[in-house]
Undergrad: 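Here it is, the structure, as structure tokens.
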Protein chains: 2
Amino acid sequence: MASIPPRVLPAYGKVKAFIKKRISTGIWKPGDSVPSESVLMVQFGVSRMTVNRALRELMGEGLVTRVQGSGTFVAELHRISSTLSIRDIHEVVVERGHIHTARVLLAAAENASADLARTLGLSSGGPVFHTILIHLENGVPIQYEDRYVNPAAAPRYLETDFTRITPTHHLLEEAPLTEASYSIEACLPSALEAKHLEIKSGEACLAMMRRTVSGANIASVARLVYPGSRYSFAGKFQA
Amino acid sequence: MASIPPRVLPAYGKVKAFIKKRISTGIWKPGDSVPSESVLMVQFGVSRMTVNRALRELMGEGLVTRVQGSGTFVAELHRISSTLSIRDIHEVVVERGHIHTARVLLAAAENASADLARTLGLSSGGPVFHTILIHLENGVPIQYEDRYVNPAAAPRYLETDFTRITPTHHLLEEAPLTEASYSIEACLPSALEAKHLEIKSGEACLAMMRRTVSGANIASVARLVYPGSRYSFAGKFQA
DNA sequence: CAGTGGTCTAGACCACCGA
DNA sequence: CGGTGGTCTAGACCACTGG
């Protein structure tokens, strides 16, 4: 008996909206229990699957927690979480309608230090690929990219023309991404970084350390330095 | 908590795993079409709802895109997205097993400048609450918090003992969060900030600008400054 | 034990796309 | 038009929680 097809908001959406509203207005506070699926079923006149989907999605959004055998509860909202996207810098720049270019400062195979070999998960201190690039937006340097690549993950890495194809782009095609971790911190640029970014050595920078995993290999570790005056990360969260 | 998977993967999980594997190994490349729900139904011997759930979750994870009437396709994986959590600093510090304390430098009502009134969405330049505090972890300053609060959203804000309850905590209880946006950038601290953070004025810092919305009100705008040497944001992404 | 959520089925109607 | 995904139902069995 598919009732009236809600061409505006689907039934599970109505259930979600109802619960969201009660949470966001504070009627239900963190820790409070949310009505059970069977109660909501009756209340909205929908099937259990529909209620279940609504609650499952709310859990995915971090608004409620669910415990089998126990119930559904308003989550402790003591955190704001949002999605931080890390994208190929070429795409980002082009999307802004600007011109992306790159200068290649280094593209070579090197012998890995013991430290680096460990970071890349290499048993022996074999060769690794090392590239250093400057990315420019409309001719202005916006990123210093210092990257080490595991040859096992992308054997043809050095054949790439990095003025046309970014390392990130090549790696995404060559070594399908399975995992990545990063950290963002503030730092002052080294003399070399400052010179190539064309900033004063006292200017604060954002540094992102990024480590990517492809299958069994640690594919690459990179240090990306952005001039603080020309770059920021932004994000948004909606309940 | 979520580390013990069911002894057998649920049916929808098997479908997801199958598709994920084909994407992560590069057998299916971005833009390729994924078998339709009806094909996967037969292939796995499950109902359409089960296949649908698998595909819907994969879309939520950003691995595939779906177009009604057209089909399901492997997403362009040219972005890494991950969840950046912004949490109450008190919780973070305590969770690390450390002691959180706070120094209150300012807690007062002020007349909003025209600029600030606009930022907070106040029609007139009425009073706003202004607090400045230093958060310390085991006695070491880790965050300078300069915050303006809309009195309409949290009228009792200034009654709070900020050495015991963080502004974030009070606001989350008083003004249920509906929306937040932030940006992270690198900067050098002002003389005042450097002094209270007990760092040199030339040390790079992370600055987060955060704006929170509660219902119809812009509840608060804050500038949070972290010494670069003592703080970083980290995140992780898994395919 | 009764109640909860976790999963699953075998249908169904609809809106949309491309040929 | 046939095929696709979007949604929904009215059942069902199971595992887990709590008293």
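Lettering of chains follows the sequences in order, A, B, ..., and the numbering in each one begins at 1. FYI, side chains are in, hydrogens and waters are out, and symmetry mates aren't considered; it's all heavy atoms of this structure.
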Undergrad: Roughly, in whole Å, what's the span from CD in B/E57 to P in D/dG5?
TA: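 Atom-to-atom, B/E57 to D/dG5, this comes out as 16 Å.
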Undergrad: When you match A/S70 and A/V46 each to their closest nucleotide on DNA chain D, which lands nearer the 5' end?
TA: A/V46
Undergrad: Rounded to the nearest Å, what distance is computed from the CE atom of residue B/M49 to the C1' atom of nucleotide C/dC13?
TA: 14 Å
Undergrad: Compute the centroid of each ring, for B/F162 and then for B/Y157, and state whether the two points are separated by less than 6.0 Å.
TA: yes
Undergrad: Have a look at the helix from C/dC1-D/dG18 to C/dG18-D/dC1 and give the angle its two end axes make, five pairs each, rounded to 10 degrees.
TA: 10°
Undergrad: Ignoring the backbone of A/S47, work out which of D/dT4, D/dC16, D/dA10 is nearest its side chain.
TA: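 Comparing D/dT4, D/dC16, D/dA10 against the side chain of A/S47, the answer is D/dA10.
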Undergrad: From C-beta outward on B/T50, which listed nucleotide comes closest to its side chain: C/dG5, D/dA10, C/dT9?
TA: C/dT9
Undergrad: Apply ring pair (Phe, Tyr, Trp, His ring centres under 6.0 Å) to B/F44 and list each qualifying residue two or more places apart in sequence or on a separate chain.
TA: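 Once residues adjacent in sequence are excluded, the partners of B/F44 under the ring pair (Phe, Tyr, Trp, His ring centres under 6.0 Å) criterion are B/F18.
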Undergrad: Assuming nearest nucleotide by heavy-atom distance, tell me which of A/G69 and A/V51 is located more 5' along DNA chain D.
TA: A/V51
Undergrad: Using a cut-off of strictly less than 4.0 Å, decide whether A/S36 has a side-chain nitrogen or oxygen near OP1 or OP2 of C/dT4.
TA: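 Yes.
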Undergrad: Find the distance A/E37:CD to D/dT17:P and express it as a whole number of Å.
TA: 16 Å
Undergrad: Under 4.0 Å between a side-chain N/O of A/R53 and OP1 or OP2 of D/dT7, yes or no?
TA: yes
Undergrad: Let me know the distance between CD of A/Q68 and P of D/dC16, rounded to the nearest Å.
TA: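 About 6 Å, once rounded to whole Å.
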Undergrad: Base, sugar-phosphate alone, or nothing: which one does B/G13 contact when heavy atoms must sit under 4.0 Å apart?
TA: nothing
Undergrad: Atom CG of A/L58 and atom P of C/dG5: how far apart are they, to the nearest Å?
TA: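 About 13 Å, once rounded to whole Å.
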Undergrad: Looking only at side-chain atoms of B/N52, point me to the closest of C/dT4, D/dT7, C/dA15.
TA: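 Among C/dT4, D/dT7, C/dA15, the one nearest the side chain of B/N52 is D/dT7.
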Undergrad: When the distance from CE of B/M59 to P of D/dG5 is rounded to whole Å, what number comes out?
TA: 11 Å
Undergrad: Roughly, in whole Å, what's the span from NZ in A/K16 to C1' in D/dT7?
TA: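 For the pair A/K16 NZ and D/dT7 C1', the rounded distance is 14 Å.
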Undergrad: So which nucleotide from C/dG5, D/dT4, C/dC8 ends up closest to the side chain of A/T72?
TA: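 The nucleotide sitting nearest to the side chain is C/dG5.
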Undergrad: Under a 4.0 Å threshold between the charged nitrogen and the carboxylate oxygen, would A/E137 count as salt-bridged to A/R230?
TA: no
Undergrad: Could you pull out all residues at least two apart from A/H90 that satisfy ring pair (Phe, Tyr, Trp, His ring centres under 6.0 Å)?
TA: A/H100
Undergrad: Can you identify which nucleotide, out of C/dG11, D/dC13, D/dG6, has its nearest atom closest to the A/R48 side chain?
TA: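 So the side chain of A/R48 is nearest to D/dC13.
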Undergrad: Using every non-hydrogen atom in the two residues, find where B/A11 and B/V46 come nearest and quote the distance to one decimal.
TA: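 The pair with the smallest heavy-atom distance is CB-CG1, 3.9 Å.
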Undergrad: Between B/R48 and B/N52, do the side chains contain a donor N or O and an acceptor N or O under 3.5 Å apart?
TA: no
Undergrad: Respond yes when some side-chain nitrogen or oxygen of B/Y12 is under 4.0 Å from OP1 or OP2 of C/dT7, and no when none is.
TA: yes
Undergrad: Give a yes or no on whether a salt bridge exists between A/E145 and A/R210, defined as a side-chain N under 4.0 angstrom from a carboxylate O.
TA: no
Undergrad: Rounding to a whole Å, what distance do you find between B/F44:CZ and C/dT7:P?
TA: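 The answer, rounded to whole Å, is 17 Å.
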Undergrad: Take B/R66 and B/E37 through the test salt bridge (charged side-chain N to carboxylate O under 4.0 Å, His left out) and record every step on the way to the result.
TA: CA-CA 11 Å; B/R66 316 192 73 197; B/E37 295 189 350; 2.6 Å; yes
